[in-house]
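Throughout, protein chains are lettered first and strands after them, A, B, ... in sequence-line order, and every chain is numbered starting at 1.
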Amino acid sequence: MSWNAINWYGQRITGAALVLLLIAHFWVEHFASDQLLRGELTYEAIRARIASPLWQGIDIAFLIVALYHGLGGLRNIVIDHGRIGPGAARVVTALLIAAGALWAWWGIEAFQNLR
Amino acid sequence: MSSYGVRVARNQGGIGRGYQTFSVELEDRMTVLDALFAVQRDHDPSFTFRCACRVGMCGTCAVSINGIPRLACRTRASSLGAPEIVVAPLPNLPVLKDVAVSMEPFFEQWKRVTPGFRPKHPESKELAIVPASSQYMRMTGGKRDCITCGACFGACGVKATSGEYLGPAAINRALLRLADPRDEAVAPRMKALDSERAGVWRCHTQFNCTAVCPKGISLTDSIVWLKRAMLRRAPFEKLP
Ligand code: SF4
Ligand code: FES
């Protein structure tokens with residue numbers, strides 16, 4: 001299977017995963033929290049939840065899936081518009097990978113600083 | 001007889017000169033191509049358009065009619081349901097004059113998929129029989145009638161922004177050749193189809209090509225079929 005095929009499939013898989021993760025995210029963040037429903041949502045309540053390794057795993061997966069899909073989509077738009085040559089497209093790809101890696105590190109790092 | 005305002009694009013030497021409207025009388029069964037002939041005959045002999053067979057077989061007369069790429073000879077004026085008919089050149093192709101375009105970019109892409117038949121056994125004197133019941137014949141039934149009119153090329157949203165994209169007709173052609181059990185040129189076609197900038201991966205499944213094809217070819221289906229086959233490592237050789 002070619003790299004292009006894998007990349008195309010990756011966009012589909014992450015798109016489908018995002019639908020599920022987004023629904024779960026909205027449900028948990030906006031509807032399923034007792035404190036929220038009672039109007040007593042605090043930083044403590046959020047911190048207690050995201051201190052759990054399970055929630056950290058889900059959140060990090062969400063972050064990586066969203067970054068892959070979003071930045072990959074941006075790259076697709078750049079290539080679709082055909083205004084830049086293959087060399088410039090490679091530079092764009094490298095910049096987007098670097099931005100994605102930095103962003104992922106930044107998000108994952110945040111879990112180290114929970115207080 | 002009904003009276004129509006035929007609004008045609010004028011273009012000379014690659015420079016757009018806006019639109020001109022001519023009044024034309026047409027019988028009920030007359031087509032947009034008849035309207036273009038009437039404009040040329042009764043109003044301006046320099047008005048330029050292309051046609052050949054006049055019966056939907058050659059693909060020469062494709063133009064944009066009221067914003068949709070269609071064959072002028074297969075579009076009855078009365079079917080448009082409007083007193084004005086707007087005729088413009090096919091999008092995504094360079095205009096030669098008025099509504100006549102150059103098909104060169106279309107055939108440039110066409111050539112890139114190795115469109116001709118490349119026999120597996122060129123020396124063989126045996127007839128290579130493909131039974132009507134074979135998978136090839138069943139799978140390609142609705143896909144073999146392309147008349148290279150370029151309507152799909154003009155309607156494609158990806159083609160509108162990318163000069164490199166192969167376009168739906170060339171991809172469909174590649175599928176027909178790849179699936180043909182008598183043909184052997186898999187590698188050059190796969191190379192063209194798997195190109196990130198020009199190949200099947202650029203298609204956004206917009207269905208514009210399928211919607212306009214005068215031969216009813218499901219081009220989007222061909223493209224999606226190829227994407228799936230390429231994910232499964234192109235099992236073309238295995239087709240009986
Ligand atoms: S696939 Fe259909 S629309 Fe495209 S060139 Fe062939 S006949 Fe015309
Ligand atoms: S003139 Fe041949 S298809 Fe219209």
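More than 12 non-hydrogen atoms from other residues, nucleotides or ligands lie less than 6.0 angstrom from CD of B:E84. No more than 12 heavy atoms of other residues, nucleotides or ligands lie within 6.0 Å of CZ in B:R74, so this atom counts as exposed by the packing criterion. Around the CZ atom of B:F117, the shell of radius 6.0 Å holds more than 12 heavy atoms that belong to other residues, nucleotides or ligands. Shown here is B:M57, whose CE atom has no more than 12 heavy atoms of other residues, nucleotides or ligands within 6.0 Å. For NE2 of B:H121, the number of neighbouring non-hydrogen atoms (other residues, nucleotides, ligands) closer than 6.0 Å is 12 at most. With a 6.0 Å radius and a threshold of 12 heavy atoms from other residues, nucleotides or ligands, B:R17 has its CZ atom above the threshold. Around atom CZ of B:R118, no more than 12 heavy atoms belonging to other residues, nucleotides or ligands sit under 6.0 Å away.
We find the CZ-CG distance between B:R197 and A:D80 to be 10.5 Å, quoted to the nearest 0.5 Å.
Contacts with chain B (heavy atom to heavy atom, under 4.5 Å) involve these residues of residues 2-12 of chain A, listed by number: A:S2, A:N4, A:A5, A:N7, A:W8, A:Y9.
In terms of heavy atoms, B:M230 sits closest to A:M1 at O-CG, 4.0 Å. Minimum interatomic distance between B:R202 and A:N76 (heavy atoms only, all atoms of both residues): NH2-OD1, 3.3 Å.
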